[in-house]
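Naming: A, B, ... by sequence-line order, numbering from 1 per chain.
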Amino acid sequence: MTTSADTGHGDARYDVEAIQERWLPVWDELAPFRSGRPDDQRPKKYVLDMFPYPSGDLHMGHAEAYALGDVIARYWVHRGFNVMHPIGWDAFGLPAENAAIRRGEDPVRWTYDNIAQQKASMRRYACSFDWDRVFNTCDPEYYHWNQWFFLQMFRRGLAYRKASNVNWCPECQTVLANEQVIAGQCERCDSNVTKKKLTQWYLKITDYADRLLDDMEQLEGKWPEKVLLMQRNWIGRSTGAEVHFEIEGREEAVTVYTTRPDTLYGATFFVVAADSDLASELAAQSPAQAEFSEYLNKVKQTSEMDRLDSSRAKTGVFLQRYAINPVNGERIPVWASDYVLADYGTGAIMAVPAHDQRDLDFARTFDLPVRVVVDAGEDPAVTGEATADDGPHVNSGPLDGLNKDEAIAAIIEVLAERGTGEEAVNYRLRDWLISRQRYWGTPIPIIHCPSCGEVPVPDEQLPVVLPPAEGLDLKPKGTSPLGGAVAWATVDCPQCGGEATRDPDTMDTFVDSSWYYLRYADPNNHTAAFDPELVREWLPVDQYVGGVTHAILHLLYSRFFTKVLNDLGLVDFNEPFTRLLNQGMVIMEGSAMSKSRGNLVRLSDELSRHGVDAIRLSMVFAGPPEDDVDWADVSPSGSAKFLARAWRLAGDVTSSPGSDPRGGDESVRKATHRALHDAAQAVETFRFNVAVARVMELVNVLRKAIDSGPGSDDPAVREGAEAVAIMVSLVAPYTAEDMWARLGHEPSVAQAGWPDVDESLLVEDSVTCVVQVAGKVKDRLDVSPSIAEDELRDLALASKAVAAALDGRAVKTTIVRPPKLVNVVPE
RNA sequence: GCCCCGGUAUCCCAACCGGUAGAGGAAGCGGUCUCAAACACCGUCCAGUGUGGGUUCGAAUCCCACCCGGGGCACCA
């Protein structure tokens, strides 16, 4: 146990447990982080930590995230801002339901118990949250507005139902959004995801693809580059053309999408996605019907995992049908294959094997012709490498001799003229599938009426509250448990009054987190999701802090919601999070902590061993915030040692509060003001570890000043110790508060304010000037920081060491950078 | 395969526009205090910045190639 340490200075001891117990009730009373006071004149700032999911108690990851968010929030409070730093719980989701299934616990009870536990832990962890703004997404008062937003979108055609092949997790027995499928596996349980044809609810995020992409410009330099890149990739905008191909024996032409319309003359075959409706239709009237059915069955059995393996050999079936190339009238064979995706573009492609590797692989497997139309010097049919480079077009009629860009422009014009094609944009992004066949979520507020169809639940009947779980079969079985709540599900149609049923699905929990940051501005509003006026006052979020795991999912959905709400006139901004900081993970000996790996470090153990402050400090000091913290590399006992050292300073100060630091020891004052200046700068640029180092430096200076310098009585020492308390309060609030009290002040140190930095104390009396000869350091001079260039050059040239290094050589030139450097360059 | 980020002392990490490689911490070693220890305090050792080349008066920093580690994307036509 190192919870206490004998100081060697009298009987005062740094007793972690006692300090924690002393200040918690005081803070409860003072509520220094309350942000809702109506008469508050301070400028507003909104600092937000991603809210937690209440699965058990807080863990090491939370400890890191909240320690970092706290540094930022507490800093801006010191800086005189009215900081809103709220917390709540992302409380819907599968774990509650799984606990219910496994242990027969009520999801409601399980969830609220966990929330209570986490809340108590956060209080003890001294998070600077505004406790007056707490809510949980599973509160009917909250999800009421999920339903309201859904209906707003429904009425505008942004929420709709369609049948399609959806991602299906056989383990969770529910559908998944594209964003929740990671490398062919379920984001939650890692099962291999399969496809299933189902009718599901979607939100039309694709309508916002361009804005989601283009508005990222506003975030440049304020969000991590990595996240912006991931979002860009995810949206995957590409430009090209749609080209209409006649199919022999089919009334309507079939459209393909291509990014390389310039290679149209090189199309030697045509491929439709095997699992598309078109493939089945084309096969139906063909001798290849039997072969195709067999192939389709095989394709359906292929797991998403295998399908994603691009090294897999190409497979397919010739449908014995022909398409007509609109530019040269050529008759090309139509194949069905699974290398073409049914839900991207139009589900059909023109294959140009000479200039597309996938098409070439396919052509070589089935002995189809390869025709070069862009001369890149090599023959893909021989090398097996398709050429995607630019070059003069050949075998391409009117395009011959043109380069890629010219040819694309020319062919689009030709296609448009003839009405056989046009310029087109495509996205990788798909609409957001939000229905889930699970219990613990927001019921979808739609009533299915046999005569009226999909009828929205009238606003005045919202919220549609979940029926109690008791008596329902929550086990995953592929259909919604809510369907089993017959009394709940059976209702009168709001339109015709006839018997109808409620939609039995619940919403993806990412809907909940897509607007929670708005609700904090007005958490207790019973008549609206929020008062637009309050949102205008507080939003957008000035600083968002959270893990990079949400780089796509949550952040993309939130951006989408914000844009929809902007269109609805409910918010006046386009981007919800002005700045984003991604913190790393806490790992152990190089890998993620997990029970099964046996390297799990329990937060509660660490807290009782070292104290809250030492753990917080360790998290912040471990390295740059976006890097992972390897718990094996940090030294919580070292942190505790530093805190005790800082704390002891407060007890050593013998001057009285309010004594004037002017007239105190100048070098101590300089160290103090330098530390305040540098630490502030470091915090504002998220270099928290550097900020801590600056404080440690100051503590070392003060220790020396007390023991062997101007002494404990010097007012500059008091000034320094108070600065230490304030700076330490960003990271270690208990220690700082106790220091503050020992220095003779009333709580809370959190509200003490950042001391003004005296600029004149940042100027050094003299600096060391390095004198180099040919770039090598030969001498050092003590000079005034304001020394003139000429004077410095003369001083340097007069140096004996320089003369010795020159060894008689003439000076070619002298580079002078006052006051820090002179470089003498010999001939 | 493509793209992004990183590689500095035994370890975790600093180093503003290219300008003294070291701020801070951990570990180690030595000392003061002590009967001894713990604690505390003081001091100290340790790298030339992954490798090779280039630009420059001067490179951890900029450029090129490669190696290693981490992350993202990956049949998206």
Side-chain angles (χ1 to χ4, degrees), chain A residues 2 4-9 13-14 183 224-230 232-234 236-238 240 256-260 263 271 307-312 314 337-341 343-352 355-359 361-362 426-430 548 551-552 584 590 617-618 621-624 626-630 632-639 641-642 644-645 648 678 681-682 685 687 689-700 703-704 707-708 767-777 779-780 812-815 817 820-826:
Chain A
T2 53
S4 63
D6 195 330
T7 63
H9 292 253
R13 291 185 334 137
Y14 176 68
E225 197 47 49
K226 182 178 159 181
V227 174
L228 296 177
L229 189 73
M230 285 168 75
R232 281 197 187 96
N233 287 342
W234 188 262
R237 179 161 65 191
S238 78
V256 302
Y257 172 74
T258 176
T259 54
R260 292 295 304 275
T263 62
V271 190
R307 200 190 147 99
L308 284 172
D309 177 9
S310 50
S311 61
R312 196 167 59 105
K314 294 278 182 288
S337 173
D338 66 355
Y339 89 88
V340 171
L341 307 176
D343 56 356
Y344 182 77
T346 59
I349 62 155
M350 63 176 206
V352 184
H355 308 296
D356 183 289
Q357 192 59 48
R358 298 152 298 179
D359 296 346
D361 293 344
F362 193 84
N426 241 299
Y427 303 90
R428 214 190 76 118
L429 181 72
R430 306 295 150 78
V548 74
I552 299 174
L617 177 61
S618 299
F621 186 56
E626 56 279 358
D627 288 7
D628 289 347
V629 175
D630 195 326
D633 290 334
V634 307
S635 168
S637 58
S639 298
K641 205 163 97 180
F642 162 73
R645 195 170 149 86
R648 240 176 284 120
D678 289 0
Q681 200 123 76
T685 49
R687 288 147 54 237
N689 52 328
V690 178
V692 171
R694 293 289 166 268
V695 184
M696 289 173 165
E697 230 174 328
L698 179 57
V699 167
N700 291 342
R703 182 74 262 148
K704 217 169 278 180
D707 290 347
S708 56
V767 294
T768 306
C769 176
V770 175
V771 185
Q772 302 176 329
V773 173
K776 301 274 188 292
V777 179
D779 201 0
R780 286 156 214 267
K812 186 168 142 196
T813 174
T814 314
I815 315 269
R817 294 282 180 275
K820 305 260 290 202
L821 178 128
V822 177
N823 188 7
V824 180
V825 186

Using the [atom1] atom on both, measure [N] against [M] and round to a whole Å.
N     : M     : atom1 : value
B:G6  : B:U61 : C1'   : 14 Å
B:A77 : B:C5  : P     : 24 Å
B:A65 : B:C29 : C1'   : 43 Å
B:G31 : B:G24 : P     : 24 Å
B:U10 : B:G18 : C1'   : 30 Å
B:G54 : B:A60 : P     : 15 Å

Validation row: A:Phe362, A:Ser337 side chains within 4.5 angstrom (heavy atoms): yes
Polar-atom pairs under 3.5 Å, protein N or O versus N or O of nucleotides 53-62 of chain B: list them with distances, or write none.
residue	atom	partner	partner atom	Å
B:C57	O2'	A:Asn823	ND2	3.4
B:C57	O2	A:Asn823	ND2	2.3

Could you pull out the protein-nucleic contacts involving nucleotides 11-14 of chain B (nitrogen or oxygen on both sides, under 3.5 Å)?
residue	atom	partner	partner atom	Å
B:C12	O2'	A:Ala622	O	2.9
B:C13	O3'	A:Asn689	ND2	3.4

Contact class for [X] (heavy atom, under 4.0 Å): base, sugar-phosphate, or nothing?
X        : answer
A:Arg430 : base
A:Asn700 : sugar-phosphate
A:Ser238 : sugar-phosphate
A:Lys704 : sugar-phosphate
A:Lys226 : sugar-phosphate

Selected nucleotide, minimal atom distance to A:Asp707 side chain, candidates B:C41, B:C73, B:G24: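 Nearest to the side-chain atoms of A:Asp707, counting from C-beta on, is B:C41.
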Base partner of B:G28, which must satisfy Watson-Crick or wobble distances under 3.5 Å: B:U44
Any strand: nucleotide that pairs with B:C2 via Watson-Crick or wobble, under 3.5 Å: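 Result: B:G72.
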Under the salt bridge (Lys or Arg N to Asp or Glu O under 4.0 Å) test, residues paired with A:Arg260 that sit two or more places apart: A:Asp262
